[in-house]
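Report on the structure given below.
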Amino acid sequence: MSDDNKSYQPANIEQNWYKIWEERGYFAPSGQGDSYSIMIPPPNVTGSLHMGHGFNNAVMDAYIRYKRMSGCNTLWQAGTDHAGIATQMVVERQLAATGVSRHDLGREKFLEKVWDWKEQSGGTITQQIRRLGSSVDWTRERFTMDEGLSKAVQEVFVRLHEDGLIYRGKRLVNWDPKLHTAISDLEVLNEEETGSMWYFNYPLTDGSGHLTVATTRPETMLGDTAVAVDATDERYQALIGKTITLPITGRIIPIVADEYVDKEFGTGCVKITPAHDFNDYEVGKRQNLPVINIFDRDAIVLNNFNLLENGTFKFLSTEPCPVDYAGLERFAARKQLIAQAEAEGWLVKVEPHTLKVPRGDRSGVVIEPWLTDQWYVSTKPLAEEAVRVVEEGHIQFVPKQYENMYFSWMRDIQDWCISRQLWWGHRIPAWYTEDGQVFVGRDEAEVRAKNNIASDVVLRQDDDVLDTWFSSALWTFSTLGWPENTPELKTFHSTDLLVTGFDIIFFWVARMIMMTTHFIKNEDGTPQVPFKTVYVHGLVRDGEGQKMSKSKGNVLDPIDLIDGIDLDSLVAKRTTGLMNPKDAKKIEKATRKEFPEGLNAYGTDALRYTFYSLASTGRDINFDTGRIEGFRNFCNKLWNAANYVLMNCEGQDCAQNGDDNYTLNLADRWIISRLQQVEKAMAEGFASYRLDIASQVLYDFIWNEYCSWYIELAKPALKNGDTNAQRGTRRTLIRVLEAILRMAHPLMPFITEEIWQKMKDLAGTQGDSIMLMPYPIADDSKIDPQALADFEWMQAVIDGLRNIRGEMNLNPGKKVPAIFTAGSEQDKIRVAANTVFLSTLASLESAVWQDDATQIPASATTLVGKLEVHVPMADIIDKDAELARLDKEITKLKMETQKLESKLSNAAFVDKAPADVVQKEKDRLIDFAEQVEKLSKQKEKIAGL
RNA sequence: GGGCGGUUAGCUCAGUUGGUAGAGCAACGCCCUUACAAGGCGUGGGUCACAGGUUCGACUCCUGUACCGCCCACCA
């Protein structure tokens, strides 16, 4: 390494390596080994990267790289999603800015615009994913609306229809009056809002009185077709069967008894509007009430109301809308109606009321239950199988608790409304004759052929498109070439791992399982699952646990964390394009306070490592920028450690030629042993989906063991050892570092590749890229228990000496003598064997053994078991500091002693606890007592000076 | 209303079958010791939300409470 890039600069290495990897085709399946596949959750093709993608990709890439290095034939399938509503909305907004609506343009022209937009912005997200280091196979990139996938969508639709699992029907749906489309239940968000409850008097037709109904939606009274009461309600029993004359419309409607009514709630009388309320719709069915739709697709009151027969929706009669209401938007109608009721005296009262308001997740407007024709998937039969495969463990959720969420949803799943009144998406493969007959088929020709429809009969294709999630549900198999029986499908399906947020378990995971088990079968006919494991993660939030959102102004862009961003740019980014521009000031202030220097360029590796460290299962991830800085420092640490190793090994004999002309010292044998243990822990971390643990183990090993202990001990070893010992240490420095790099590569791909390339020759390994090298596997035979024990002893001695130095405020440069006494024979041997190591790490000028403990001069003292370690006071001077230090030590020991004594004097403990536990405590007590005695004597001695 | 998760150091989080509470960051003290000041060495800091119970022993198991968050259903 040259001086000019001495410190770690991620920008200098990251994009460079990615380009090389991609160009050389390293991301593609090797064609050898067991298959291992992951499907990327397809991001919106026109979208841009957010922290969720960052986390997601970090996890997937760790597994793909780990498995690739472990010899698997890995496929990480790339692709993007057309994201129907979201994308269409963006393009419509752009058009609106020029004063044009999509209807002005017409379907063809509008779709051209959307495709243009896709071409223009479609590369953003995939370029950003590259910045994350994700080793996805871009050569196989798919788009949900490309030809092959569209064909799969069509095929699934047709087959489900043939199986009787897709049907078309008129029903109440969740209608978005802004987007002019139906949406599924899942796309409706029910948020609590404060509103009012209005009480209205409805007069009995016979003039004998009135009923009072309560409602949160007064305007729907224009479509009331009954008032319902509880059959057992004594207040109203006599009125059942009588009629009401509805104010304003004058419509005469019955009073019915229905189980839906809770007589304890409100007035016990419920107005029934079958066309605009899901519950009322059910009541209407039971009571055979006519259905009156009062709104158009904009939720504006119609000029004429049609009464439809219940169930059949046959036209019964028409009623003109009361003239003052026709053409009013729903909330204007509400306002006017309330005013009229008040004026006419049938408004009884208004009470404040909190209620759940349904809003479209995209548009944010209040959803209107609305009667339309839509296509549905009959989900119950599909759900049964989908539940079974999870129950039987063919799919495992990590963490497991999400299975319950999945089961409970699947158990009372509702039919899935799949048609959308949009233009951007897969057009529904159904054709209509002019007289309204409907035919489903792969194309118009097939429909004609199959149904003997003459060529002069006009067929018109359904205008609607399918819910985006319909194509997403096929993702694991459509991307592999289904419905063709491709080799890829055979090799890579079922996929191994799905990494996704809990928020789309219903939208996506459940539907993938339903579709896959229905369409993809093993050779023996049993259903295949889309994936074997679902790794479910939480939301990535800001450091305070707040959801990241534009309006809160707390969004962090992964790219900014990688490349850095100055404060002004960050502020500008956070404050432009706000829904509510008034928030800008507040956001600016908070941003300037939180990041006074802007964001540093931390690099991809540090960003990824931060995600791993926070990836404990099942909870949301609070992204703390303090941590990313720590991991950037960690990268720098590794960088510099490599720098040291290279400096000391390049051009030197590192004993890599196969001769055994080298010897290994204690530190060498220790670090090799520890390496095996860490390799094992890494394997366990991956296997248990605990990347937080794996990353922590690795961090600790690299920083605290390899750098702080091993390299520090390599220094004296290289200086003082004989030639064979030097060779042994160089060999170990190199080989352990090389293993560390491979071990860390799935987590921090760039820095490991950069360093590995520089040292691979020294390590005697061959290969073009670290990402194609084998992942390290623990070898228990390389663990040397004696070395581990000896080293642990040495660490304790050095810690003791460092404690004395630290507490005495000794200058690190100041060397002191150390005298050892009173220990075991083994202690004596260990001291003699490790004089150099002890001297170096504890800054000793000498380390001598004294058999006669009485010959020790007045000293600062620390104990390692029975071994006494003394630093003569003459070299320390500070008597009071040593007294204080001893005091602290003694107090600590006494407290422990006291605890142990009371424990051991408890007969119940001694009787009932396992013998080995009791013995252990007894040993500790004796040990502590001895130490207290020794230190107390020492204290007296010092005090007497 | 039903269900799930969380509550551990100032902050963000670990804590494996119950047996001496850990990390990073922040804080404090001493150091520019030639891999690294994006660093080194040392130090301080926790009634493990609360109350009961089981147990010789509970951060850990059970019951309940409080607070925070989420999911589902929903009373007009």
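Heavy atoms only: backbone and side chains are in, while hydrogens, waters and symmetry mates are out.
Between the side chains of A:D224 and A:Y202, at least one donor N or O sits under 3.5 Å from an acceptor N or O. No hydrogens or angles considered: nothing links the side chains of A:Q546 and A:R541 as a donor-acceptor pair under 3.5 Å. Residues A:S613 and A:D692 bring no donor and acceptor atom of their side chains to less than 3.5 Å of each other.
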Which atoms of nucleotides 2-8 of chain B (N or O only) lie under 3.5 Å from a protein N or O atom, and what are those distances?
from, atom 1, to, atom 2, distance (Å)
B:rG6, O3', A:R619, NH2, 3.1

Between the protein and nucleotides 24-34 of chain B, list every N/O to N/O distance that falls short of 3.5 Å.
from, atom 1, to, atom 2, distance (Å)
B:rG29, O2', A:N809, OD1, 3.4

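Residues A:D700 and A:Y706 are not in side-chain contact: their nearest non-hydrogen atoms beyond the backbone lie 4.5 Å or more apart.
Residues passing the side chain to side chain donor-acceptor pair (under 3.5 Å) test with A:K356: none are found, sequence neighbours excluded.
With distances taken from any side-chain atom of A:D262 to the nucleotides B:rA35, B:rA76, B:rG42, the minimum falls on B:rA76. Listed nucleotides: B:rC56, B:rA14, B:rU12. Nearest to the side chain of A:R690: B:rA14. Distance from the side chain of A:E807 is smallest to B:rU43 among B:rU43, B:rA76, B:rC56. When distances run from any side-chain atom of A:F909 to the nucleotides B:rC41, B:rC56, B:rA76, the shortest one goes to B:rC56. The listed nucleotides are B:rC41, B:rA35, B:rA38; the one nearest the side chain of A:Q9 is B:rA38.
Contact annotation for A:G685: no contact, since no heavy-atom pair falls under 4.0 Å across all strands. Note on A:C635: nothing from the nucleic acid sits closer than 4.0 angstrom, heavy atoms only. Counting any heavy atom pair closer than 4.0 Å across all strands shown, A:R924 reaches a base atom. A:R632 comes within contact range of at least one nucleobase, with a heavy-atom separation under 4.0 Å. A:S408 comes within contact range of no nucleotide atom at all, as no heavy-atom separation falls under 4.0 Å.
Protein atom CG of A:D916 is 17 Å distant from nucleotide atom P of B:rC56, rounded to whole Å. Between A:Y710 atom OH and B:rG40 atom P the separation is 19 Å, expressed in whole Å. B:rA76 atom P lies 20 Å from atom CD of A:Q287, rounded to whole Å. In this structure, A:F502 places its CZ atom 10 Å from C1' of B:rG69, rounding to the nearest Å. At whole-Å resolution of the value, CG in A:L186 and P in B:rC70 are 18 Å apart. The NZ-C1' distance, from A:K903 to B:rU55, rounds to 13 Å in whole Å. Between the CD1 atom of A:I798 and the C1' atom of B:rG42 there is a distance of 15 Å, given to the nearest Å. Spacing between atom CG of A:L691 and atom C1' of B:rA23 amounts to 17 Å, rounded to whole angstrom units.
Using C1' as the reference atom, B:rU60 and B:rA14 are 14 Å apart when rounded to the nearest Å. Nucleotides B:rA49 and B:rA58 have their C1' atoms positioned 16 Å apart, rounded to a whole Å. With C1' as the reference atom, B:rC67 and B:rC74 are 25 Å apart, rounded to whole Å.
In this entry B:rG1 has B:rC72 as its Watson-Crick or G-U wobble partner, both defining distances falling under 3.5 Å. Summarising the base pairing, B:rC41 is matched to B:rG29 through a Watson-Crick or G-U wobble pair whose two defining distances lie under 3.5 Å. Base-pair partner of B:rU65: B:rA49 (Watson-Crick or G-U wobble, both distances under 3.5 Å). With a cut-off of 3.5 Å on both Watson-Crick or G-U wobble distances, the partner of B:rG24 is given as B:rC11. Under the Watson-Crick or G-U wobble criterion, with both distances below 3.5 Å, B:rC36 is left unpaired in every strand shown. Nucleotide B:rG19 forms a pair with B:rC56, judged by Watson-Crick or G-U wobble geometry with both contacts under 3.5 Å.
Separating the CD atom in A:E193 from the OG1 atom in A:T216 is a distance of 11.5 Å, to the nearest 0.5 Å.
A salt bridge does not link A:R730 with A:E650: every distance from a Lys NZ or Arg NE/NH1/NH2 to an Asp or Glu carboxylate oxygen is 4.0 Å or more. Using a 4.0 Å cut-off between charged side-chain N and carboxylate O, A:E896 and A:K894 make no salt bridge.
The cationic group of A:K715 lies under 6.0 Å from the six-membered ring centre of A:Y644 and within 45° of the ring axis, placing it in a cation-pi geometry.
Atom CD of A:E792 sits in a sparse spot, with 12 or fewer heavy atoms from other residues, nucleotides or ligands closer than 6.0 Å.
In this model, the phosphate group of B:rU43 is approached by a side-chain N or O of A:N803 to a distance below 4.0 Å at OP1 or OP2.
Ring pair A:W409/A:F506 is parallel by interplanar angle, where below 30° counts as parallel and above 60° as perpendicular.
Projected onto RNA chain B by closest heavy-atom contact, A:T215 and A:G543 fall at different nucleotides, the more 5' of which corresponds to A:G543.
Results of the side chain to side chain donor-acceptor pair (under 3.5 Å) test with A:T220 over A:E368, A:K271, A:H276 single out A:K271 as the only residue that passes.
One N or O donor and one acceptor, one from the side chain of A:E712 and one from the base of B:rA35, sit under 3.5 Å apart.
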